[in-house]
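Just so you know, these numbers come straight off a predicted model, no measurement behind them. Order of the sequence lines fixes the chain letters, A, B, ..., with proteins taken first and strands second; residue numbering starts at 1 for each chain.
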Amino acid sequence: MKNTWVKLPVPTGDVSGAASALYELGGMLVIHDPSGCNSTYNTHDELRWYDKESLIFISGLTDIEAANGDDSRLIRDTVEAAEYYRPRFIAFANSPIPYLNGTDFAAICRLVEQKCQIPCFYVETNAMHDYAHGASLAFLRFAQKLLPGEKPARRPDGRLRVAVLGMTPLDFPARTDARSLKAILEASGFAPVCCWSVDTDFEEAMQAVEADVSLVVSTAGLRTAVYLKERYGIPYVVGLPVGRLREPVFEAVRAAAAGTESRPVYLNYENRFPGGRTLTVVGEPVTMGSVGAAIALREGWNFRIAALTEDSAALISDSDAAAPDEESLTAALSDAALALGDPFYRRILPPHAELRELSHFALSGRLYLDRVQDIFEEVRL
Amino acid sequence: MLKKLSHRPEVSRPVRIADAPYPVVFPAALEYNAPVHGTWNIVHIGMQVPEAVQIYVCAENCMRGVVMTADEMGLGDRFCCVTMSERDMLVGNIEEITIRGVSDAIEKRGSHPPMVMLFTVCAHVYLGADLDYIYRKLSERYPDIFFARCYMDPINQRTGPTPEMKLRLAMFDPIAPLPKDNAAVNLLGCDIQQGGESDLLPLLRENGFRVRQLADCKSYSDFLALGDAGWNLCAYPTGEEAVRALAERLGTPYLYLSQPFTFAEIVEKRNALRTLLGLPCEDFTAQIEACKTRLAALRKTLAGQAVCLDYTATPRPVSMARLLLEHGIRLEKLYLDAVGPEEADDFAFLRAHFPDLMLHPTLRPEQRAVERPETDVLAIGQKAAFYENTPYFVNMVEGGGLWGFAGILGLCGRIEQALLERKNTRDIVMRKGLGCDSLCCTPDWREKP
C-alpha cells in the first residue's frame, strides 16, 4: 500500500506548510482543529517559533461543535484575538473534521471580515496533503486576496527586478539561505524585491507585483508564479542559482524578461553526459533538481530526480520519478548507486548505494539540523 | 527575545487568585502553544511497553508530530504510519483501509511484535468506524499479536477522557491475572519513575514489598509479569482510571495516592496506604519537623527571591503553591489555565490566605505576545521558565518523582540546585519528553550580530 510508512517519517503536512508560508507576513492564521496541529507545527515543522513572533493559533474544535456544525465560537474567538492584535490579515486553515463536515469557510471569512474590517481568506488545507501543497495554496490565497489590483508602472532603475517565490525554512532551513540568495541576485545585477517568505514582511511582500520576473525556488512558489503571470503578466523562471547552475538560471531570468520562457532550468542538464555516473537526488524537486544539476555540471555526471512533493508534475521530466510516498521512493531508489538527499533515505536505499547527505527539514525535522548547509554555497560532496 | 509586532496593546490577563473563577480560571479562546515540550505525549507513554509497536492511522499532517516524536526518541523502528486520503475518508471504507494499512505495516516490518498499539483518530470517531470489527479482524489475522485499542482523538478530549488517559487504560489490557505474589506491588500510571525523593518506595521496601514501576520492565514478559501483583497503586491523576481498572481485572486492592504537598494530606495518604497493607499507623512528628526545618533553610537561602510555578511541573500545582507560601517562600505567579478537582481545597485555602497570588494563563492567545524580558526569577517547571525567561529553574514534569515528606525535601534540594545552575532554557524546554532520549537539534533563528 502506498500510504504505509514503515521506514521513513511522513513529510511535513499541508497545514504546517501553510503556516510556514504565512509566518512572517504580519497576519494571523487560525487552524480550525481540535488540538495538536499547532504543537506539531511549532515543534517539528517550524524553526522560528521560539525566536520570532507570529500569530498562529488553533481553534480547539470540540466533538459537539463538529457534530452540530457550530462555528460560532470559532468566529467569536477569532474576532476577539483579531481585535487584540489587529493583524494585517486573517487566514483560516482547515483540518480533517471540519473538512469532512463541510464547514463553510467562505461564509466564515465574510463574517469575520465584516466584524473586524480586516482582510480574511481561507487556505483549503485538510491535513491530507504535503507541506508544499499547503504552502503553495497559502501563498496563492495571500496573493489573490492582498496584492494590489494593478501592476505599478516600472520605475527607471535599470536592473531587472526579481521576486523570489516559494522560500520557507521547510526547504531552506539554513538561517542564511534568504540573505545568500539576495546577495547573489544583487551581485549579478538584479534587484530582489521580495522573498516569499523568509526575511520579508507584509510591505515587502506586496512588491511582488513590481517584479519583472518571478523566480520560483521550490514547489511552494509555482502556483503563485502562475497567478502572477496570468494576473499581472509577470513571467517566471523555475530553478535556484546555485553553483554552476547560477548563470543558466540568470540567463533564463533575462530571457523571461525579454519574453522567452523556459521549462525548469535544471531539467536542461539531466542527461548531458551519456555513459557518465548518475546521481539520484531525492526530495523537493526544485531545490534538489537545481543542486543535482549544479553538481552534475561540475562533475560531469548525469542526474535524475526522485520528487517527494505531490505537486511535482510540472517540475520534473519523464526520466524522473514522482515519489510522494515510501513505496514510490523505495522503488525510485531501488537501482540507485549514488544518491543525494536527507540522511533518512539511507533506510530505503539498496545496501550497495552511496548516500551523500543534504538534510531536508520537511522530512527529518529537527533530527539533522546540525548538518544543514546554506544551499546557495557550493554543496559539499 | 521575540521580534516585536508593530501593534501590541498592553493587555494581559493575569488575575489574583482571590478574584479567579473556579475551576476554569481562563476562558477558552484561540489557543497558543508555547515552545515548551518537556511533558510526555502518547508516543512517549506508549513506548514504555517494551517491544510494543505503535501504528497510527490518520491524515498526514496529524501524523507528523507523533512520528517525529518516535524518531527523536531513536525508536522509529517501533513506529508505523498509515496515512488517509480524501478518497479513503469520503468514499472509501475506513474499516477496510485501517485493516489493510495495519496489515501492510506489519508485513513490511517483517517480524511480528507481541503487541500493537493501534491508534485510531478523530476521523474514525466522526465517520462512525466500527472499531470492534477492525480489532476482531486484525486479531483473527494475527493471533500472535495483542492489539491495544488506543486513540489519538483530541476532538473528544474536552467532553471525555483525553487520548493520554485512554492510552494508559489500553496499554495495560494485555496484563492478565497471574498467581498472586502478595509481596509484589505495582506502582503505575505515571511516567516519571519514583525513587529516593518519594516516601512510597522506602515505606514499601522496609516492610518487605517489592515495588515494580513501568520503567523496571525491560522486556514484554516483564511487563506481562505485572499481572502477579498483590497490590496496585497509582500516584498520577491521568493514570488513575487505568490502574484502577487493572486492579479490578487482577482482583487486587488498589489505592490512588495523588501527589500531596501539605503535611496533613501526606499523613492521611501514608496512613491510608499502611492501613491497606495491614501495617500500623506511624508517628510522623519527626518527618514533619525535618520538612519544616528544611523549608525554613530554603526560605533563608532564597532570601526573598521571587519564585513562580507552572502546572507542567506537577499535577498538584496549587498544593505545591500552598506549601511554598505557607512556609514563607515568595511565590508570585502560578501559571495554569484551570484547576483540577483534587486541588479544590488547596485553591480555597489560597484564596482565603494568600489572595494576592497571581494566576497567569498559558494557552490564551495574548500569551503569544507577552513581554518576556530576561529575569533571574526562580521558576519551577518549564512553562514558568519560558514565560519568565529565566535560566534558573527546576526542570521537572509530571511531579518529578516527588512524593510525601521525602518529596518536599527533594523539592527544596532541587530549588537550591536550580539557584546555582544557569541552564540553557531554550534548548531544554524545546525538547520533548523530559527523561526520554532526545536526538534533536534546536538551532537559534535569531539574527546574529
Q | B:Val102, part contacting chain A, at a heavy-atom distance under 4.5 Å | A | neither
Q. With a 4.5 Å heavy-atom cut-off, do B:Cys122 and A:Pro34 have their side chains touching?
A. yes
Q. Hey, mind stepping through A:Glu65 and B:Arg158 against salt bridge (charged side-chain N to carboxylate O under 4.0 Å, His left out) and telling me if it holds?
A. CA-CA 11 Å; A:Glu65 289 167 341; B:Arg158 286 162 216 256; over 6 Å; no
Q: Might you point out which heavy atoms bring B:Pro35 and A:Trp49 nearest each other, and give the distance in Å?
A: CB-CD1, 3.5 Å
Q. Do you know which two heavy atoms are closest between B:Gly101 and A:Thr4, and how far apart they sit?
A. O-OG1, 4.1 Å
Q. With a 4.0 Å cut-off, would you call A:Glu53 and B:Arg368 a salt bridge?
A. no
Q) Can you check salt bridge (charged side-chain N to carboxylate O under 4.0 Å, His left out) on A:Arg175 and B:Asp444, steps first, answer last? A) CA-CA 9 Å; A:Arg175 182 67 188 94; B:Asp444 196 328; over 6 Å; no
**Q.** Interatomic spacing from CG in B:Leu30 to OG1 in A:Thr78 - rounded to 0.5 Å
**A.** 4.5 Å
(Q) Given 3.5 Å as the limit, does a donor-acceptor pair link the side chain of A:Tyr50 with the main chain of B:Ala34, or not? (A) no
(Q) Within the 4.5 Å heavy-atom criterion, are B:Thr83 and A:Lys2 side-chain neighbours or not? (A) no
Q. Quick one: ring-ring contact (aromatic ring centres under 6.0 Å, His included) partners of A:His133, sequence neighbours excluded?
A. A:His129
Q: Using heavy atoms and a sub-4.5 Å threshold, report which of residues 59-67 of chain B line up against chain A, by residue number.
A: B:Ala59, B:Glu60, B:Asn61, B:Cys62, B:Met63, B:Arg64, B:Gly65, B:Val67
Q: Begin from the C-alpha positions of A:Arg366 and B:Asp427 and carry the test salt bridge (charged side-chain N to carboxylate O under 4.0 Å, His left out) through to its verdict.
A: CA-CA 12 Å; A:Arg366 308 190 293 182; B:Asp427 180 69; over 6 Å; no
Q) Which atoms of B:Thr69 come close to chain A, meaning under 4.5 Å heavy atom to heavy atom: side chain ones, backbone ones, both, or neither? A) both
Q: Just give me the residue among A:Gly365, A:Gly60, A:Ser364 that pairs up with chain B most often, heavy atom to heavy atom, under 4.5 Å.
A: A:Gly60
Q | N/O donor-acceptor pair under 3.5 Å between B:Asp104 side chain and A:Met1 backbone | A | yes
Q: Report the distance from atom NZ of B:Lys432 to atom NE2 of A:His44, rounding to the nearest 0.5 Å.
A: 3.0 Å
(Q) So does B:Pro365 get a backbone contact from the side chain of A:Tyr85, meaning a donor-acceptor N/O pair under 3.5 Å? (A) yes
Q. Does the side chain of A:Asn101 come within less than 4.5 Å of B:Tyr126's, by heavy atoms?
A. yes
Q. Can you tell which of A:Val30, A:Asp14, A:Ile97 has the highest number of heavy-atom pairs within less than 4.5 Å of chain B?
A. A:Ile97
**Q.** Side-chain touch B:Trp445/A:Arg48, heavy atoms, less than 4.5 angstrom
**A.** yes
(Q) Taking atom CZ as the centre, does B:Arg100 end up with more than 12 heavy-atom neighbours from other residues, nucleotides or ligands that are less than 6.0 angstrom away? (A) no
(Q) If the threshold is 4.0 Å, N to carboxylate O, is there a salt bridge linking A:Arg347 and B:Asp71? (A) yes
Q.
Set out, in order, the CA-CA distance, both residues' side-chain angles and the distance that settles side chain to side chain donor-acceptor pair (under 3.5 Å) for B:Glu86 and A:Asn126, then state yes or no.
A. CA-CA 9 Å; B:Glu86 291 100 330; A:Asn126 61 12; 2.9 Å; yes
(Q) Shorter than 4.5 Å, heavy atoms on both sides: which option in A:Thr40, A:Asn38, A:Leu367 has the most such pairs with chain B? (A) A:Leu367
Q | Distance, nearest 0.5 Å, that separates CD1 of A:Ile31 from CD of B:Glu31 | A | 11.5 Å
Q: May I ask you to test the B:Arg426-A:Asp51 pair for a side-chain heavy-atom distance under 4.5 Å?
A: yes
Q) Does any N or O in the side chain of A:Asn3 come within less than 3.5 Å of the main-chain N or O of B:Met84, such that one atom is a donor and the other an acceptor? A) no
